[in-house]
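Reading through the structure tokens given below for one structure.
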Protein chains: 2
Amino acid sequence: MTASQPSTTAEELRGAGLRVTAARVALLDTVRDGDHLDVESIASGVRDRVGHVSLQAVYEALYALTAAGLVRRIEPAGSPARFEGRVGDNHHHVVCRSCGAVADVDCAVGEAPCLDASDDHGFSIDEAEVIYWGLCPGCSTTRSS
Amino acid sequence: MTASQPSTTAEELRGAGLRVTAARVALLDTVRDGDHLDVESIASGVRDRVGHVSLQAVYEALYALTAAGLVRRIEPAGSPARFEGRVGDNHHHVVCRSCGAVADVDCAVGEAPCLDASDDHGFSIDEAEVIYWGLCPGCSTTRSS
DNA sequence: TTCGTTCTCTTGAATGATTCAGGTTTATGA
DNA sequence: TCATAAACCTGAATCATTCAAGAGAACGAA
């Protein structure tokens, strides 16, 4: 085979200074295949792929991958943390007030911080996080019927 | 005394359909005097004014006052809930990544939802919550020195 | 003024997500 | 092949928040 593959999941981990373990490869794949999964769902996705993994290992791996910029953590008010594989494009989220469903929303402005604060109070701002709150299609029909 | 005062804290509570108790008057005053206080700080502020109040009473009162629109709850990722008395103007917040300090930022756009999602995925959106993340003046000098 | 209803407050316990502790295994570079 | 630090394990602790159920108090009606 060729000596250097373009960029497998394993190589991305190594490139980020992390060791390549079956669990972490499976975790990164799980997060990328999933849709804003919470920690429990990620753990069960990893277990489907590689067998037993402790919940703590999942927490530690998510911490490491988040720090490395390979996954992104979002935490809407009232929800446990969720993770997504889409990183680096500064997109935003819509969250359903009723069922907690999350969907991606492209940032219309561009790179972070995509908005300027009218008065930054001396803070050095690096990101503007936008969460659109509302009702998802399912919950809004349930509610009005 | 005059039979009708303009709008005391007590009357605001009554007007919102809530009973007027010393604890709730003190709580609303505490939140308004304070600056994005957490529940513990609110409880201790209330106790300074009226003596003993249980933490659960504070939680219940905050829930009721939030539902009535007299206070607003904010919950930046990684922080316990905080409450503020400034309501109805759809302003936003800057949060320090290092120490968690919160400051208000006026909304440059206007009423909620102040932003339109580029693709709302069928959600009916009523609010765009913006959190500017960065470092407060104190933390950014500490970090660079 | 008294009374009853319902809201508010109480103490005490439970929950759930996350983190800490300490020791063992394993990936990786020398 | 080995050493080392990263990754992983089990088990316990922490923190904010919520649940439960009974006691007390506000307030409108009689």
Side-chain angles (χ1 to χ4, degrees), chain A residues 8-28 30-31 36-44 46-47 49-68 70-71 73-83 100 102, chain B residues 3-4 8-28 30 36-47 49-68 70-71 73-83 100 102:
Chain A
T8 62
T9 304
E11 284 172 27
E12 289 185 79
L13 286 169
R14 210 183 323 266
L18 301 169
R19 290 188 181 166
V20 177
T21 68
R24 293 194 166 187
V25 171
L27 185 144
L28 189 46
T30 299
V31 170
H36 308 101
L37 301 177
D38 61 21
V39 177
E40 278 297 343
S41 304
I42 293 168
S44 94
V46 172
R47 288 176 189 134
R49 294 169 200 242
V50 299
H52 173 88
V53 179
S54 73
L55 195 56
Q56 282 62 29
V58 173
Y59 271 101
E60 288 167 35
L62 285 170
Y63 179 88
L65 297 202
T66 302
L70 292 174
V71 303
R73 176 196 198 112
I74 62 171
E75 200 180 326
S79 265
R82 291 156 174 275
F83 294 83
V102 178
Chain B
S4 65
T8 62
T9 305
E11 284 172 26
E12 288 185 80
L13 286 168
R14 210 185 322 267
L18 301 168
R19 288 188 184 165
V20 177
T21 68
R24 293 194 168 185
V25 171
L27 186 143
L28 190 45
T30 299
H36 308 101
L37 301 176
D38 61 21
V39 177
E40 278 297 342
S41 304
I42 293 168
S44 92
V46 172
R47 287 175 190 135
R49 295 169 198 242
V50 299
H52 174 88
V53 179
S54 73
L55 194 56
Q56 283 62 29
V58 173
Y59 271 101
E60 287 166 34
L62 285 170
Y63 179 88
L65 297 201
T66 302
L70 292 175
V71 303
R73 175 194 200 114
I74 63 171
E75 201 179 324
S79 266
R82 291 158 172 273
F83 293 83
V102 178

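In what follows, every chain begins at residue 1, and chains take the letters A, B, ... in the order their sequences are listed.
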For this session: Test side chain to side chain contact (heavy atoms under 4.5 Å, CB included) on B:Arg73 and B:Leu62 and set out the steps.
Result: CA-CA 9 Å; B:Arg73 175 194 200 114; B:Leu62 285 170; over 6 Å; no

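Annotation: the span from A:Ile74 atom CD1 to A:Thr66 atom OG1 amounts to 11.5 Å, rounded to 0.5 Å. The structure places CD1 of A:Ile42 at 11.5 Å from CZ of A:Arg47, a figure rounded to the nearest 0.5 Å. Here the CD-CZ distance, from B:Glu12 to B:Arg24, works out to 14.5 Å after rounding to the nearest 0.5 Å. For the atom pair CZ of B:Arg82 and CD of B:Glu75, the computed distance is 11.0 Å after rounding to the nearest 0.5 Å.
Rounded to whole Å, the distance from CD1 on B:Ile42 to P on C:dC9 is 14 Å. Across the protein-nucleic acid pair, A:Asp38 atom CG and C:dA17 atom C1' stand 10 Å apart, rounded to whole Å. Here C:dC9 presents its C1' atom at 17 Å from OH of B:Tyr63, a figure rounded to the nearest Å. The CZ-P distance, from B:Phe83 to D:dA16, rounds to 13 Å in whole Å. Between the CG atom of B:Leu62 and the C1' atom of D:dA16 there is a distance of 13 Å, rounded to whole Å. Atom P of nucleotide D:dA6 and atom CG of A:Leu13 are separated by 15 Å, given to the nearest angstrom. Going from atom OH of A:Tyr59 over to atom C1' of C:dG16 covers 9 Å, rounded to whole Å. The interatomic distance linking B:Leu55 (CG) with D:dT18 (P) rounds to 11 Å, in whole Å.
Across all strands, A:Ala57 comes closer than 4.0 Å only to sugar-phosphate atoms, never to a base (heavy-atom distances). Among the protein residues, A:Ala64 comes within range of no part of the nucleic acid, since none of its heavy atoms lies under 4.0 Å from any strand. Residue contacts for B:Ala23: at a heavy-atom cut-off of 4.0 Å it reaches the sugar-phosphate backbone alone, with no base atom in range.
Pairing each heavy atom of B:Ala26 with each of B:Val50, the nearest pair is CB-CG1, 3.8 Å. Shown here for B:Val25 and B:Ala10, the closest heavy-atom pair between the two residues is CG2-CA, 4.3 Å. Of all the heavy atoms in A:Val46 and A:Ala23, the pair that sits closest is CG1-O, 4.0 Å.
Where B:Pro80 and A:Ala61 meet DNA chain D, the nucleotide closest to each residue was compared, and A:Ala61 sits on the side nearer the 5' end.
Contact annotation: A:His52 side-chain N/O to D:dC8 OP1/OP2 distance is not under 4.0 Å.
Side-chain contact check for A:Glu40 versus A:Leu55: some heavy-atom pair is nearer than 4.5 Å.
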Atom pairs, N/O to N/O, protein against nucleotides 24-30 of chain D, distance under 3.5 Å?
unit_1: D:dA26; atom_1: N3; unit_2: B:Arg19; atom_2: NH1; d: 3.4
unit_1: D:dC27; atom_1: OP1; unit_2: B:Arg14; atom_2: NH1; d: 3.1
unit_1: D:dC27; atom_1: OP1; unit_2: B:Val20; atom_2: N; d: 3.1

For nucleotides 20-24 of chain C, list the nitrogen or oxygen atoms of the protein found under 3.5 Å from its nitrogen or oxygen atoms, one pair per line.
none

